[in-house]
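The structure appears right after this line, and notes come after that.
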Amino acid sequence: MKKRLLLFFGLILLYILPLAFVSTQIFLGTFPFWYDNARDLLQASSKLTLIGPTTGVPGIFYGPYWIWLLSIALTVSQDPRVVDFMVATIPYFIFLPLILLKLKKVFSPVALLIGWTLFITGFSRYTMQLWNPYPAPLLFAALVMIITFTDFKKATKKTYLQILLAGFMAGLVANFHLSFGTGVLTGSCLFFTLQIIFHRSLWKRYILYTVIFIAGIISAFAPFFLFELKHGFNQIQTIITVITSREVLVGQTGLTNPQILNELAQTAGKLFGVSGIVAIIVSIGLFTSLLFILKQQSKSFTDPEKRFIGFVGTIFITLFSIYLTARYPAWSYHFIGTEMILTFFIIFIAHRSILLRRVLMVVAGISLVFYLSNTAISIQKIIKDPHIITSMATEQYIITWIAQDANRQDYDVYAYSPAIYSYEYDYLFNWMLKRPLHMSDTTSKKIVYLIIPNTTDDIRKDFINYKTPNADYQTTKVYSLPDKTTILKREKP
């Protein structure tokens with residue numbers, strides 16, 4: 001009876017409450033709705049595509065799976081809240097627990113609960129924001145699970161299918177997140193190459209495994225190859241240029257090597273709810289503990305444990321070797337995915353060390369308490385004043401205010417954006433009012449509404465005069481929101 005009560009309260013604290021809090025924030029509309037996710041929803045609303053969003057390298061696109069996923073959700077509802085819940089929340093709260101439950105055959109339940117708690121409290125934004133790299137950690141977790149339970153000693157149809165599926169999953173990771181996915185693909189191929197070296201007496205079998213794995217990767221890129229076949233292989237030519245050219249096609253400076261190492265440390269810190277120098281100390285402690293366990297206990301590892309730590313470790317070393325040596329810049333978002341690698345390291349450490357497991361249990365408990373209390377306070381503030389932050393709900397309110405103020409009069413709308421395009425308002429106007437953001441040239445409209453987020457006075461004045469010249473228009477109404485967004489109603493005299 002006591003165990004059942006503990007299980008019941010544990011389920012509420014570790015699963016039900018985080019899910020309830022994430023769902024509440026989503027349906028309150030507190031998530032950011034901006035250039036990237038709005039652009040992707042617009043693309044998903046149109047005809048079927050074979051490519052996804054643009055990457056950081058000009059001329060190369062992500063795969064179409066993210067857009068396809070959004071398209072499926074849009075058949076249910078065009079409300080970004082519903083799409084967000086279906087695409088971000090449901091996968092992480094259903095499939096990640098299932099993956100961890102499967103890993104229970106290898107690791108202790110307590111170690112897995114520690115991993116779940118630290119991940120879900122440190123990176124809850126993955127479960128409530130629409131962005132194509134965010135599913136990559138979940139797909140990587142599925143890939144690790146498949147490799148862990150693939151018995152390479154048995155050359156059976158099941159083994160072949162598992163390896164083929166693992167290759168497909170690795171390809172999916174790259175389709176969703178190119179930079180992290182490049183490390184996963186390279187590291188995976190290195191892992192299979194090492195298997196050939198370590199099992200020289202069975203080299204033919206392991207070469208076959210490698211070929212099957214690569215076939216799985218190729219199958220995940222089938223839409224890419226079909227698109228290239230239709231469009232003159234332009235992306236492939238760009239990829240070849242990227243690999244062979246000494247010139248860098250991206251004209252921006254990324255993180256330096258010390259900054260890359262610091263970003264890794266801060267990613268580890270987020271799992272423990274710390275930052276700055278404390279995060280660096282925590283990350284050093286994490287890797288020191290892992291190396292100590294590998295040195296002292298490696299002879300007692302089970303085969304699944306060896307595959308698990310061998311695969312995850314190879315990916316980690318490969319990924320950061322690429323980030324530290326590549327000519328192309330690394331940015332903070334490239335580290336999406338590394339938190340899952342670190343989570344797996346933590347699970348491994350907690351499983352192997354009783355002392356560290358107890359320490360991590362305390363840390364995970366503290367992280368959970370802080371996450372739940374901070375989230376509850378945040379939700380309270382949003383309910384009290386829903387427009388204190390720029391969010392989907394705030395943008396939706398702006399559109400409603402404009403429609404009510406116009407009172408069926410003919411009008412046009414322009415929204416300022418540093419990115420030039422204001423896809424968020426394009427999408428929301430289409431969804432809410434069944435009309436485009438811009439009906440025609442501003443000069444043909446007597447009433448024009450200007451949506452100006454918080455920016456400098458010079459930019460504000462330039463935007464106002466550019467869209468509605470002061471010689472032709474005058475301001476008749478000003479409405480300011482708590483997030484410092486201003487709506488101007490400009491009319492011709």
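Here, residue 1 is the first one in the sequence, and each next residue gets the next number.
With hydrogens and angles ignored, the 3.5 Å screen pairs a side-chain donor or acceptor of H177 with a backbone N or O of I336. Put simply, the side chain of S378 never gets that close to the backbone of T375: no donor and acceptor are under 3.5 Å apart. Side-chain atoms of Y65 come within 3.5 Å of backbone N or O of A220 as a donor-acceptor pair. Side chain of S373 to main chain of F370: a donor-acceptor pair is present (N/O by atom type, distance under 3.5 Å, no hydrogens or angles). Side-chain N or O atoms of E263 include none that pairs as donor or acceptor with a backbone N or O of F335 at under 3.5 Å. The closest donor-acceptor contact from the side chain of Q266 to the backbone of G276 lies under 3.5 Å. Judged purely by atom type and a 3.5 angstrom limit, W116 uses its side chain to pair as donor or acceptor with the backbone of L14. Remark: the backbone N or O of I389 is paired with a side-chain donor or acceptor of T394 at under 3.5 angstrom.
In terms of heavy atoms, T30 sits closest to S391 at O-CB, 3.5 Å. The minimum heavy-atom distance between P18 and Y15, with the atom names listed, is CD-O, 3.4 Å.
Between I147 and F191 the shortest side-chain heavy-atom distance falls below 4.5 Å. S353 places a side-chain heavy atom less than 4.5 Å from the side chain of I293. Using a 4.5 Å heavy-atom cutoff, the side chains of I51 and Q235 are in contact. Between L372 and T121 the shortest side-chain heavy-atom distance does not fall below 4.5 Å.
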Verdict with reasoning, Y423 to F33, per side chain to side chain contact (heavy atoms under 4.5 Å, CB included): CA-CA 9 Å; Y423 290 128; F33 193 62; over 6 Å; no
Could you walk me through whether Q162 and T159 pass side-chain hydrogen bond (donor to acceptor under 3.5 Å, both in side chains), step by step? CA-CA 5 Å; Q162 285 176 313; T159 303; 4.6 Å; no
May I have the step-by-step check of ring-ring contact (aromatic ring centres under 6.0 Å, His included) for W203 and Y206, ending in yes or no? CA-CA 5 Å; W203 64 272; Y206 283 88; over 10 Å; no
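Ion pairing of R81 with D84 is absent here, as no side-chain N (NZ or NE/NH1/NH2) approaches a carboxylate O to less than 4.0 Å.
Each of F308, F119, F107 was scored for a ring pair (Phe, Tyr, Trp, His ring centres under 6.0 Å) with F344, with one residue passing: F308.
Taking the six-membered ring for Trp and the full ring otherwise, F192 and Y209 have centroids separated by 6.0 Å or more. Here the two rings, on F27 and F85, have centers that are under 6.0 Å apart. Ring to ring, F316 and F345 are close: their centroids are under 6.0 angstrom apart. The distance between the ring centers of F176 and Y134 does not fall below 6.0 angstrom. Aromatic ring centroids of F224 and F61 lie 6.0 Å or more apart.
For D483 and T485, the side-chain atoms include at least one donor-acceptor pair closer than 3.5 Å.
In this structure, Y421 places its OH atom where only 12 or fewer heavy-atom neighbours from other residues, nucleotides or ligands lie under 6.0 Å away. Heavy atoms of other residues, nucleotides or ligands lying less than 6.0 angstrom from CG of L291 number more than 12. At most 12 heavy atoms of other shown residues, nucleotides or ligands fall within 6.0 angstrom of atom CZ in F95. Few gaps surround CE on M86; more than 12 heavy atoms of other groups in view lie less than 6.0 Å from it.
The aromatic rings of F348 and F301 sit perpendicular, their planes meeting at an angle over 60°, well past the 30° parallel limit. Ring geometry for Y126 versus Y92: interplanar angle of 30 to 60°, hence tilted.
Under a cutoff of 6.0 Å and an axis angle of 45°, K270 and F123 do not form a cation-pi pair.
Every residue two or more places apart in sequence or in another chain that forms a ring-ring contact (aromatic ring centres under 6.0 Å, His included) with F227 is listed here: H231.
Evaluation of the side chain to side chain donor-acceptor pair (under 3.5 Å) test over residues 303-316, restricted to residues two or more places apart or in two chains, returns K153-D303, T302-E305, E305-H351, E305-R352.
In this structure, the separation between NE2 on H387 and CD1 on I382 is 10.0 Å, given to the nearest 0.5 Å.
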